Amino acid sequence: MRVGPDRANARVGTPLGRICMHIVTWVCVLASMGGCAAMQMNADTKCSEFMKASKSARDDAVTRVAAERGNGVVTTPLGRPNVEYLCAQQPDWTLGHVIDLSK
């Protein structure tokens, strides 16, 4: 089927469709930013911020920082709750400091 010049320059989609596409795009962008914020937790993250993160984000941060510092103890079933306990008690400490104390 040949497309004539009047159809070649026509916009694709309806105005409502384009609005929905923009909304979906922004939701995806905002969701990925939240994920990136979680991934930015590191040894310098304050315990107060660490405790505000989701359980899975805290688990990922402990695993990553412990590996960077060579501390496998905190990734055990008893070590991980100890990190959360210490952070809850000392919100001004950093995650790295708590993991170092847990060796």
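Remember, it's a predicted structure, so these values are computed and weren't measured experimentally.
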Do Val73 and Leu101 belong to the same hydrophobic cluster, where Ile, Leu, Val, Met, Phe, Trp and Tyr are linked whenever their side-chain heavy atoms lie under 4.5 Å apart, directly or via other members?
no
Given the options Val65, Asp44, Asn42, Leu95 meets side chain to side chain contact (heavy atoms under 4.5 Å, CB included) only with Val65
The complete set of salt bridge (Lys or Arg N to Asp or Glu O under 4.0 Å) pairs with one or both residues in residues 80-101, sequence neighbours excluded, reads Lys55-Glu84, Arg58-Glu84, Asp59-Arg80, Arg69-Asp100
Disulfide bond (SG atoms under 2.5 Å apart) pairs touching residues 43-103, sequence neighbours excluded, are Cys47-Cys87
Sorted by chain and number, sequence neighbours left out, side-chain contact (heavy atoms from CB on, under 4.5 Å) with Thr94 holds for His97
All heavy atoms of Met41 vs all of Ala57, minimum pair found to be CE-O, 3.3 Å
Rounded to the nearest 0.5 angstrom, the CG-CZ distance for Leu86 and Phe50 is 10.5 Å
Residues at least two apart in sequence or cross-chain that pass side-chain contact (heavy atoms from CB on, under 4.5 Å) with Lys52, listed by chain then number, are Glu49
(message) Whether the side chain of Asn71 engages the backbone of Ala66 through a donor-acceptor N/O pair (distance < 3.5 Å, no angle test) should be reported.
(response) no
